[in-house]
Amino acid sequence: MKTVPIFMVGPLLLVLAACGSASGTSTGAVGEATPTPVSAPTPVVTELTSCGLPLKVAAPPRRAVSMEQNATEIMLTLGLADRMVGTAYRTDPVLPDLKADYDKVPVLAAQYPGREALLAAGPDFVYSMRASAYAPDAGGARKDLAGLGIPAYLSSNDCEDPGLIPSSVTFDAIFGEIGDIAKIFGIPERGESVVADLRKRLDTAKTMAKDVTGASPDVKLMWYYSGTKTPAIAGRGGLPDTTGTFLGAGNAFSDITQQWSEGSWEKIAERDPDVIVLADLTRGGDGDSAEAKMSFLRSDPVASRLTAVRKNRFIVVPGSAMDPSIRSVSAVEQVGKGLRDLYG
């Protein structure tokens, strides 16, 4: 598989799926989750618009398939493992407190399952955060799945029609969509509980970062996802840009209109960012792991002259935390802590 970042653009609309659970999980400290009871699903018809297509779910799904890790982790956090018949495309180790539930769910494919493998699982609901999951060589078009009686949801962060993708990620949108997911599965109170906890953590992270960024308002971050020869870096409007702004730090590449873009080290050197936030990816590609990135940065003739590299100003977050997901608040916490360690 080509080593390219899995980029999320626009607010996250996650509609997740699973099969009858009596237990759940709740987010805890930085990216963790703790078991919490989940009430029985309320049998209601849910109607939404998903990336321009109507989506009607006649009853809470009981045989759902998630098409990638971030969708899976939100479903597991909502206590839906027993209503899932498949998952796929794990890019990082699953959050530790979700692993036991994750291990209960069949893995349909290392990346996206093909149409035959997807249909063989007998799903009554399919969810993906990426349009590529519904490509012809993957699960197939959403309208075709709907024709088979299988509602298929695509998150608004990556609609097939780019014109439908909102211009920026917001935490309120992420929280609102977790509520939508819970509603679809008939557990709205559970969604409210998860969101309330995430909001509390977000407020705490902002308060703790305020003194640091207030004292150093000109700190500029570079968000470095993958690659070495042509590094993938965050521009304007994506979750990294939103996170930095929320914490009071700037984005050294906010003038780049794409939420993610491939850059050159010569151009990066001209900006000379104060801090580099490294995505720690486990897929094994060029410059994927944080360790590989740091090794490259310290040895490359151009990159090694960057102020952030010379002063060892690195902050590491899991690669999946740079996408809108249940880990989005964890990214704020981790970057906020990193700024306090560097500047506090």
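- Using modelled atom types, one finds no donor on one side chain facing an acceptor on the other under 3.5 Å when comparing D288 with S226.
- Hydrophobic clustering (ILVMFWY, side-chain heavy atoms < 4.5 Å, transitive): M67 and V85 are in one cluster.
- Transitive grouping of hydrophobic side chains (ILVMFWY, heavy atoms separated by less than 4.5 Å) brings I178 and L98 into a common cluster.
- The shortest side-chain heavy-atom distance between F171 and L239 falls under the 4.5 Å cut-off.
- Side-chain atoms of W223 and I315, non-hydrogen and from C-beta on, never get closer than 4.5 Å to each other.
- Listed for the T282 side chain is a donor-acceptor partner under 3.5 Å among the backbone atoms of T91.
- Defined by atom type and a distance below 3.5 Å, a donor-acceptor pair is present between the side-chain atoms of Y112 and R130.
- Of all heavy-atom pairs between A138 and S132, the closest is CB-O, 3.5 Å.
- Transitive grouping of hydrophobic side chains (ILVMFWY, heavy atoms separated by less than 4.5 Å) keeps L53 and L48 in distinct clusters.
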Problem - V194/L78 under side-chain contact (heavy atoms from CB on, under 4.5 Å): CA gap, chis, key distance, verdict - result: CA-CA 8 Å; V194 169; L78 289 170; 4.0 Å; yes

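- In terms of heavy-atom proximity, L76 sits nearest to M84 at CD2-SD, 4.0 Å.
- A distance-only check finds no donor-acceptor pair linking the side chain of D92 to the backbone of L281 [under 3.5 Å].
- The shortest distance between side-chain heavy atoms of E266 and V302 falls below 4.5 Å.
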Problem - salt bridge (Lys or Arg N to Asp or Glu O under 4.0 Å) between D101 and K104, worked out - result: CA-CA 5 Å; D101 280 343; K104 299 175 185 176; 3.1 Å; yes

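- The closest donor-acceptor contact from the side chain of E333 to the backbone of L202 lies at 3.5 Å or more, if one exists at all.
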Exercise for the section: Go through Y102 and T87 one step at a time and tell me if the side-chain contact (heavy atoms from CB on, under 4.5 Å) criterion holds. Expected result: CA-CA 9 Å; Y102 176 81; T87 185; 3.9 Å; yes

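- Between atom CD1 of residue I326 and atom CD1 of residue I174 there is a gap of 9.5 Å, rounded to the nearest 0.5 Å.
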Exercise for the section: Quick one: do F175 and V329 satisfy side-chain contact (heavy atoms from CB on, under 4.5 Å)? Show the steps, please. Expected result: CA-CA 10 Å; F175 298 154; V329 172; 4.0 Å; yes

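- Pairs engaging residues 221-250 under the salt bridge (charged side-chain N to carboxylate O under 4.0 Å, His left out) rule: none recorded [sequence neighbours left out].
- Between I187 and L80, the closest side-chain pair of non-hydrogen atoms falls below 4.5 Å.
- Between the D124 side chain and the P61 main chain, no donor and acceptor come within less than 3.5 Å of each other.
- D255 is listed as a side-chain neighbour of R271, based on a closest heavy-atom distance under 4.5 Å.
- Although no hydrogens or angles enter the test, the distance criterion places a donor-acceptor pair under 3.5 Å between the side chain of S50 and the main chain of L154.
- How far NZ of K183 is from OG1 of T46: 6.0 Å, rounded to the nearest 0.5 Å.
- Under the rule for a salt bridge (Lys or Arg N to Asp or Glu O under 4.0 Å), the partners of D172 that lie at least two apart in sequence or sit in another chain are R199.
- No option in D300, D274, D272 other than D272 meets the side-chain contact (heavy atoms from CB on, under 4.5 Å) test with L306.
- With sequence neighbours excluded, the residues that form a salt bridge (Lys or Arg N to Asp or Glu O under 4.0 Å) with K99 are D103.
- Both I74 and L55 are members of a single hydrophobic cluster when ILVMFWY side chains are connected at heavy-atom separations under 4.5 Å.
- The two residues S156 and C159 come nearest to each other via the heavy atoms CA-SG, 3.7 Å.
- Residues forming a salt bridge (Lys or Arg N to Asp or Glu O under 4.0 Å) with R305 (at least two apart in sequence, or on another chain): none.
- Taking all atoms of both residues into account, the shortest heavy-atom contact from V65 to P123 is CG2-CB, 3.8 Å.
- The heavy-atom pair separating S155 from Y127 by the smallest distance is CB-OH, 4.1 Å.
- The side-chain heavy atoms of I233 and M222, taken from C-beta on, include a pair separated by under 4.5 Å.
- Between the OH atom in Y134 and the CZ atom in R115 there is a gap of 12.0 Å [rounded to 0.5 Å].
- Checking side-chain atoms of T49 against main-chain N and O of P54 turns up no donor-acceptor pair under 3.5 Å.
- W260 has its side chain within reach of M322: a pair of non-hydrogen atoms, C-beta onward, lies under 4.5 Å apart.
- Atom SG of C51 and atom CG of L164 lie 6.5 Å apart (nearest 0.5 Å).
- When atom types are taken as modelled, the side chain of K206 and the backbone of F246 share no donor-acceptor pair closer than 3.5 angstrom.
- Under the rule for a side chain to side chain donor-acceptor pair (under 3.5 Å), D280 has no partner lying at least two apart in sequence or in another chain.
- Looking at residues two or more places apart in sequence or on another chain, you find a salt bridge (Lys or Arg N to Asp or Glu O under 4.0 Å) between E160 and R142.
- Side-chain contact between E73 and S325 is absent, with no heavy-atom pair separated by less than 4.5 Å.
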Problem - Derivation and outcome, side-chain contact (heavy atoms from CB on, under 4.5 Å), residues V309 and R298 - result: CA-CA 7 Å; V309 177; R298 288 167 176 153; 4.1 Å; yes

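- For L145 against A152, the heavy-atom pair with the smallest separation is CD1-CB, 3.8 Å.
- No donor-acceptor pair under 3.5 Å is formed between the side chain of K220 and the backbone N or O of A249.
- Note that the CG atom of L297 and the CG atom of N312 stand 10.5 Å from one another [nearest 0.5 Å].
- Atoms NZ and CG, on K143 and L148 in that order, are 13.0 Å from each other to the nearest 0.5 Å.
- A donor atom on one side chain and an acceptor atom on the other are found under 3.5 Å apart for R201 and S330.
- Partner of Y224 under the ring-ring contact (aromatic ring centres under 6.0 Å, His included) criterion, chosen from W265, F296, F314: W265.
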